[in-house]
Amino acid sequence: MLRLDGVVKQFGAKRAVDGISLGVPSGQFVGVIGQSGSGKSTLLRMINRLGDPTGGVIRFGDVDVTALKGRALRQWRARCAMIFQQFNLAGRLDVLTNVLMGRAFHAPAWRAVLKLWTDEEKAMGLSALESLDIARLAGQRADTLSGGQQQRVAIARALIQEPEIILADEPIASLDPRNTQVVMDALQHINRHFGITVICNLHSLDLARKYCDRLVGLAAGRLVFDGAPAALTDHVARDLYGLESADVIGPASAPGFVPGAQPGLALAGS
Amino acid sequence: MLLAALLVAIALSSVAAEVSPSLFWAKIGNFTGYFGRLLHLDSGALVFSDPVEWFWGIGRWLRLLGETLVMAYVGTVLGAIGAFFLAFLAAANVTPNRWLSMAVRRFCEFCRTVPGLVFALMFVIAFGLGPMAGVLAVAIHSLGTLGKLFSEVVENIDMKPVEGVSSTGAPWHVAMRFGALPQVSSSFVSYALLRFEINVRESAVLGFVGAGGIGMDLFEAIRKFYYSDVSAILVMIVVTVALIDILTGMIRHRLIDLVEKH
Ligand SMILES: Nc1ncnc2c1ncn2[C@@H]1O[C@H](COP(=O)(O)OP(=O)(O)OP(=O)(O)O)[C@@H](O)[C@H]1O
Ligand SMILES: [Mg+2]
C-alpha cells in the first residue's frame, strides 16, 4: 500500500502540489487526471523521488519514502519504475543497453559501467522486449525508433526492474492512436498479470475511463476527485477541466455542436 | 568605432605600459635587421643557398622536437583524463554536490589562470631540468582549460536520458556513463584534439625555462645570436605544427565515430 499524507511541493512562490493525501492499494490501476499545470507530473516525480517534497510524507508499507537516502533511496527507485512522456531513453545507445538500465540497481556498478552484463541479464532484457513484440530491434540505436517503439523500450526497462509500482507520466501523450492503444494495453497487461500497481497520468478522459480502476482528479495542486471512473460524470469533468473541458471531454460537449451527439470520443475516433 | 578602440588602445598602452609609438618607429629597423640576419648563414650567404649547412643540427633538433611532441601528447592525455572526471563533478546540472562543484570550478580556474610557463618554472625547480617538468605544466594547464570546456558541454546536455537512467535506481556514475556520456563524448574528443594542437605550440616554448624539448635549443640560439639556427628551428616548429593540425583534422572524425558507439 502506497500512502501519501499531506504532500506538498513548493516551487518558489508557487505550490505545484498542495497537500495531497491518498492511499493506493497494491495492484490498483490508478489514473491521475487534471488540467495542464495541475501538478500531475510533479506528484509522480515526488513518488519516485526525482523531486523531493517540501512537505508531507510518502510511505510504502512501513518504508518512509520521503526520508530515504543513498542506497536505500536507489532501492526504492528500483521498486517503483518510472515511464516518461518523452521516453527518456539514451538515444545514441542501442535498445538492449537502454533496457538493461533496469538492472543497474541490482548489478554491481563496475559491471554496469563496463557493460559486462551477464547472459541472464541479457536474456531478461530480451524477453521483456519480446513480450512487447520488439525483440528484433534490440541492436538498433534507440533514437532510430518510432515513438511507440521507444515507449515500449521504456516499458521493457521498467519491467526488468521487477518493480512493485509503475509510475507513468502521460506515457501516450506523444503517440498516435494505434500506438496509444498498444502502450496502454501493455500497461494493463502488466497490471493484471503481474499484479504491479500502475499510477498513470492521463490527459484523455476516454482512456482514463477505459483502463483505470480508479481516477484521481487534481486541480491547482489539490485533490478534487477520487472515485470510480463511472462516478466521473461529464458534469464533474467540466468542473475539473474548466476551459479545457471541450478538448478533453469531446466536441459534443462544446458549445455550438449538435446536442445529443455521442460525447467522449475525443481520442477514440481519431 | 574600430578606429576609436584602436586609438584608446594606443593611448592606454603608452601611458600604462610605457609602450611609445616613437620608440616603436625608432627601433623597428633593428627588428627588420634582426629578421634579415636570421636568413643568413655565418658565412654571409643566404640560408637557402646551403640547406645542409642551415639544418646542420637536424638530428638533434628532430630528437628535441620529438621530445616536445611527447610532452604535449602526454600532458594533454593526462590533463584530459583529469578534466573528464572533474567535468561531471563541476557541471551544475549533474553535480552530486553543490559545494564540490564550486571547489572543482575554482581549482580548474586556478590551473588555467596561472600561466603554463610559471608552472614549468616551478616544476623545474622542484624536479630539475627536463621534460618531466614540461609534461606536468602542460597537464595542469590542460586540466584547467579542458575542465571548464568539458563541464560546459555537460551543462548543455539533454537531461531526460539522465533522469531516465536515474529513475531506475542506478547510482550516479552509471547515470553519467549511460545518460550523459554518449551525448558529450564527441565534443570531448574535439576539444582534447584542439588542446593538443595548442599544447604542441606551448610545449615548444616551455624549454625556455628548461622544461624540456626544442625550446631549450631555440632559447640558447636566440641568446647566443646563432641567427641561422634560430630560423632553422622556427621553420621546423612551424612545419611540425602544420602537420599536426592536418593530422588531427584527419583523425578527428574517425575518433569521434569510435567513441560515439560506446
Ligand atoms: N521545476 C519547476 N520549477 C518551477 N515551477 C515548476 C517546476 N515544475 C513544475 N512547475 C510548475 O508546477 C505546476 C505543476 O506542473 P506539472 O508539470 O506537475 O503539471 P502537470 O499537471 O503535469 O501538467 P501537464 O499536463 O501540462 O503535464 C505548473 O504550474 C508548473 O509551472
Ligand atoms: Mg505533466
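In what follows, chains carry the letters A, B, and so on, assigned in the order in which the sequence lines appear, proteins first and then strands, with residues in each chain numbered from 1. Here the structure is a predicted model, which means the values were calculated and not measured.
At most 12 heavy atoms of other shown residues, nucleotides or ligands fall within 6.0 angstrom of atom NZ in B/K148. More than 12 non-hydrogen atoms from other residues, nucleotides or ligands lie less than 6.0 angstrom from CG of B/D158. Within a 6.0 Å radius of CZ in A/R3, other residues, nucleotides and ligands contribute 12 heavy atoms or fewer. Within a 6.0 Å radius of OH in B/Y191, other residues, nucleotides and ligands contribute 12 heavy atoms or fewer. By the neighbour-count criterion of 12 heavy atoms within 6.0 Å, atom OH of B/Y73 is sparsely surrounded, having that number or fewer from other residues, nucleotides or ligands. More than 12 heavy atoms of other residues, nucleotides or ligands shown are found within 6.0 angstrom of CE on B/M159.
Of all non-hydrogen atoms in A/A104 and B/P171, the two that sit nearest each other are O-CD, 3.8 Å. Shortest non-hydrogen contact noted between A/N48 and B/S167 is ND2-O, 3.3 Å. Nearest approach of B/T168 to A/M101, heavy atoms of both residues: OG1-O, 3.2 Å. Minimum interatomic distance between A/R92 and B/Q183 (heavy atoms only, all atoms of both residues): NE-CA, 4.1 Å. What you find for A/A109 and B/H173 is that their closest heavy atoms are CB-NE2, 3.3 Å.
Close approach to chain B, defined as a heavy atom under 4.5 Å from one of its heavy atoms, is seen in A/R74, A/R77, A/A78, A/C80, A/M82, A/F84 of residues 64-85 of chain A, taken by number.
Taking the side chain as every heavy atom from C-beta outward, A/F87 and B/K160 never approach each other to under 4.5 Å.
Of the atoms belonging to A/R103, not a single heavy atom falls under 4.5 Å from chain B. Contact of A/L89 with chain B is made through the backbone alone, with heavy-atom distances under 4.5 Å.
In terms of heavy-atom pairs under 4.5 angstrom with chain B, the leader among A/L50, A/V113, A/N88 is A/N88.
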